[in-house]
Amino acid sequence: MLPLPKKYFLTAASAEGETELTAFDGALLNARVGNTNLLKVSSILPPGCEYEPGLAIPPGSLLPIAYGTIISTVPGEVISAAVAVGIKQNSFGVIMEYEGRCGADEAEARVRKMVEEAFRIRNLELDEIKVAATEHTVRRIGCAFAAVPLWY
């Protein structure tokens, strides 16, 4: 059995690259998770998980992470990614992610609505929402990335 993560933070960043993969890698580096091995997880923030915005993850770590990402090769196109964490005190939380061809404001509004719906269908009272979003105008090959890394 894997241990439950005890800490988390929200991050969002974008980058340009010479290839789609290096654009993605640059966005990961700018988001402070580029030197880790991402283990994509779905939508639940473990009970008791504490928000730690300055959390540093050791290089090479296997990192549970919920994320949204988009890559574009269309110069001038605006792309965005956003994540939101819905928090219920003394309970688990819900993580939602979004990526699209839109501005950061729209991406943020969409993840907020998704968190609100997730709490509504679980019949949970929503105490707080934390959001991170990024917007990027593509020059050649761009990537927008937003995530909720979970740590021990």
Side-chain angles (χ1 to χ4, degrees), residues 2-87 92-119 126 128-152:
L2 296 174
L4 286 179
K6 304 282 188 233
K7 302 174 185 180
Y8 74 99
F9 66 98
L10 285 78
T11 185
S14 57
E16 285 283 317
E18 293 182 21
T19 67
E20 291 182 9
L21 186 56
T22 57
F24 178 67
D25 188 46
L28 295 179
L29 287 166
N30 291 340
R32 301 179 14 231
V33 296
N35 293 321
T36 65
N37 295 296
L38 307 184
L39 298 175
K40 192 167 188 179
V41 298
S42 58
S43 314
I44 301 301
L45 183 73
C49 207
E50 294 183 13
Y51 178 62
E52 192 172 318
L55 184 64
I57 309 296
S61 295
L62 298 176
L63 180 63
I65 187 168
Y67 67 87
T69 187
I70 183 170
I71 296 171
S72 174
T73 59
V74 179
E77 185 169 49
V78 175
I79 56 175
S80 294
V83 289
V85 177
I87 299 161
F92 63 90
V94 176
I95 303 167
M96 290 290 167
E97 56 279 335
Y98 175 80
E99 63 279 325
R101 289 167 170 74
C102 61
D105 289 345
E106 182 179 335
E108 181 176 330
R110 287 184 181 227
V111 291
R112 283 183 180 277
K113 283 185 177 183
M114 292 163 63
V115 164
E116 290 167 357
E117 180 181 1
F119 269 72
L126 179 59
E128 180 183 1
I129 300 177
K130 294 183 185 301
V131 178
T134 186
E135 177 178 307
H136 183 75
T137 302
V138 178
R139 292 188 303 275
R140 184 170 165 218
I141 301 173
C143 176
F145 173 85
V148 180
L150 305 170
W151 195 242
Y152 310 98

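These figures come from a predicted structure and were not determined experimentally.
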Engineer: Nearest heavy-atom pair of Val94 and Ala118: which atoms, and what distance?
Structural biologist: CG1-CB, 3.6 Å
Engineer: Could you pull out all residues at least two apart from Glu16 that satisfy side-chain hydrogen bond (donor to acceptor under 3.5 Å, both in side chains)?
Structural biologist: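 side-chain hydrogen bond (donor to acceptor under 3.5 Å, both in side chains) list for Glu16, sorted by chain: His136.
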Engineer: Extract all donor-acceptor atom pairs below 3.5 Å that involve side chains of residues 65-75 and protein atoms in other chains or at least two apart in sequence.
Structural biologist:
unit_1	atom_1	unit_2	atom_2	d
Thr69	OG1	Ala144	O	3.1
Ser72	OG	Val74	N	3.1
Ser72	OG	Glu77	OE1	2.4

Engineer: Going by the rule salt bridge (Lys or Arg N to Asp or Glu O under 4.0 Å), which residues pair with Arg140 if we only count those two or more places apart in sequence or in a different chain?
Structural biologist: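 If we apply the salt bridge (Lys or Arg N to Asp or Glu O under 4.0 Å) test to Arg140, skipping adjacent residues, there are no hits.
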Engineer: Mind checking the CD-CE spacing from Glu97 to Met114? Nearest 0.5 Å is all I need.
Structural biologist: 6.5 Å
Engineer: With a 4.5 Å cut-off on side-chain heavy atoms, are Trp151 and Pro58 touching?
Structural biologist: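 A side-chain contact under 4.5 Å exists here.
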Engineer: Please name all residues satisfying salt bridge (Lys or Arg N to Asp or Glu O under 4.0 Å) with Glu108, sequence neighbours left out, ordered by chain then number.
Structural biologist: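 Salt bridge (Lys or Arg N to Asp or Glu O under 4.0 Å) check on Glu108 returns Arg112.
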Engineer: Indicate the atoms forming the closest heavy-atom contact of Thr134 with Ala13, along with that distance.
Structural biologist: CG2-O, 3.4 Å
Engineer: Could you give all pairs that pass the ring pair (Phe, Tyr, Trp, His ring centres under 6.0 Å) test and reach residues 31-50, with sequence neighbours left out?
Structural biologist: none
Engineer: Determine the minimum heavy-atom distance between Leu150 and Tyr8, stating which atoms define it.
Structural biologist: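 Scanning both residues, the minimum pair turns out to be CD2-CB, 3.8 Å.
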Engineer: Report yes if the side chains of Glu116 and Ile129 come closer than 4.5 Å at any heavy-atom pair, otherwise no.
Structural biologist: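 A side-chain contact exists here, since the closest heavy-atom pair is under 4.5 Å.
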Engineer: Taking C-beta and beyond as the side chain, do Val78 and Glu135 meet within less than 4.5 Å on heavy atoms?
Structural biologist: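 Answer yes - side chains close enough.
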Engineer: Return the minimal non-hydrogen interatomic distance between Ser80 and Gly103, and the atom names on each side.
Structural biologist: OG-C, 3.1 Å
Engineer: CD1/Ile141 to CZ/Arg139 distance, rounded to the nearest 0.5 angstrom?
Structural biologist: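 Reported value, rounded in 0.5 Å steps: 11.5 Å.
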Engineer: Considering all heavy atoms of both residues, which atom of Asn30 and which atom of Ala15 are nearest to each other, and what is their separation?
Structural biologist: ND2-CB, 3.7 Å
Engineer: Minimum heavy-atom separation for Ala31 and Phe9, please, with both atom names.
Structural biologist: O-CE1, 4.3 Å
Engineer: Which atom pairs, one a donor and one an acceptor, fall under 3.5 Å between side chains of residues 33-57 and the rest of the protein, sequence neighbours left out?
Structural biologist:
unit_1	atom_1	unit_2	atom_2	d
Thr36	OG1	Val33	O	2.7
Asn37	ND2	Gly60	O	3.1

Engineer: Which is it for Glu106 and Arg110 under the salt bridge (charged side-chain N to carboxylate O under 4.0 Å, His left out) test, yes or no, and what are the steps along the way?
Structural biologist: CA-CA 6 Å; Glu106 182 179 335; Arg110 287 184 181 227; 3.0 Å; yes
